[in-house]
Amino acid sequence: MDTIKEIIQTLHNAGDAEIAKHSSRFFKSGPGEYGEGDKFLGIRVPVIRQFAKQFKCSDLETLSALLDSDWHEVRLLALVILSEQFKKASPPVRDDIFAFYLAHTDRINNWDLVDCSAHIIVGGHLVEADKTILYTLADSISLWERRIAMMATFTFIRANQLEDTIKLAELLLKDKEDLIHKMCGWMLREMGKRDVQRLKAFLDKHIQTMPRTMLRYAIEKLPKEERQDYLTR
DNA sequence: GTCCACTCAGTAAAGCACAT
DNA sequence: ATGTGCTTTACTGAGTGGAC
């Protein structure tokens, strides 16, 4: 209990009103925006990472309390600590962290929170396991769970497992959210760095229905002539 | 020799402004 | 509506140099 209060107080002390204002706009916390209602203390990520080292031994109960916070950076801290713990954990502890993560996805509710953790915890856990759960996440009504699913494949790509990026991108082709188009395009581009033929096969198949943003992100690393070709088809 | 801190270049995210 | 490129922030890896 004291620990939780101590951590939250530490973060409050580190906050900066100007940065908070900027973050609030950047992460779209206004009415009707994707981060509606989120509150910011105004702390830069490297500073959060320093605090994560300081509080790295926090147990899951503590991290759960931190994730409950209305303050964005308090949730970010919890996810950074959790991700660092996962990297160093034994297989059974990894199982626990993975389960904990999936049980708290309602608190992982902005793109930076997803992007700092999903590939490490979800990707790290599933890279050598059955990946069925990803397809449940990709089918979620939650924008963030869908983003978690795609972000997880970043770890697969680095392990040269490219299949799930393709399958998830196909499932998410008709997604309405720009943040999903961007994420899918990003992962397709990363996948293309490993196997450009597979990327082109995907593009040839879906060029007519792909969201424009997904396409533009995906082709970013192709030679200019090929990029032009895909954009004008 | 090892470790840590630092700098630098390259790359990435999202948002955004501007041109077409 | 679409394409391009800029801005801000952050991470990574390589290289450097000092402390021990």
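Per chain, numbering begins at 1; letters A, B, ... match sequence-line order.
Between Glu18(A) atom CD and dT8(C) atom P the separation is 15 Å, expressed in whole Å. Put simply, CD1 on Ile19(A) is 8 Å from P on dT9(C), counting in whole angstrom units. One atom, NZ of Lys53(A), and another, P of dA5(B), lie 8 Å apart when rounded to the nearest Å. Between the C1' atom of dA12(B) and the CZ atom of Arg189(A) lies a distance of 8 Å, rounded to the nearest Å. In this entry the distance linking CZ of Phe26(A) with P of dT9(C) reads 9 Å, nearest Å. The separation between Lys28(A) atom NZ and dA14(B) atom C1' is 9 Å, rounded to whole Å. Rounded to an integer number of Å, the gap from CE of Met187(A) to C1' of dT11(B) is 13 Å. Rounded to whole Å, atom C1' of dT9(C) lies 9 Å from atom CZ of Phe27(A).
Of the residues in residues 195-223 of chain A, those lying under 4.0 Å from DNA chain B by heavy-atom distance are Tyr217(A), Lys221(A).
An OP1 or OP2 oxygen of dT2(C) is reached within less than 4.0 angstrom by no side-chain nitrogen or oxygen of Gln228(A). Not one side-chain nitrogen or oxygen of Lys182(A) sits closer than 4.0 Å to the OP1 or OP2 atom of dA12(B). An OP1 or OP2 oxygen of dC11(C) is reached within less than 4.0 angstrom by a side-chain nitrogen or oxygen of Arg49(A). Using a 4.0 Å cut-off, some side-chain N or O of Trp186(A) falls inside it from OP1 or OP2 of dA13(B).
By the side chain to side chain contact (heavy atoms under 4.5 Å, CB included) test, Glu170(A) pairs with Ile166(A), Phe202(A), Lys205(A), His206(A), sequence neighbours left out.
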Listing time: all N or O pairs from protein to nucleotides 12-16 of chain C that are below 3.5 Å?
none

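In this structure, Arg158(A) reaches neither bases nor backbone, as no heavy-atom distance under 4.0 Å exists between it and the strands shown. Residue contacts for Tyr34(A): at a heavy-atom cut-off of 4.0 Å it reaches the sugar-phosphate backbone alone, with no base atom in range.
Using the six-membered ring where Trp is involved, Phe40(A) and Phe27(A) have ring planes that are parallel, under 30° apart on the 30 and 60° scheme.
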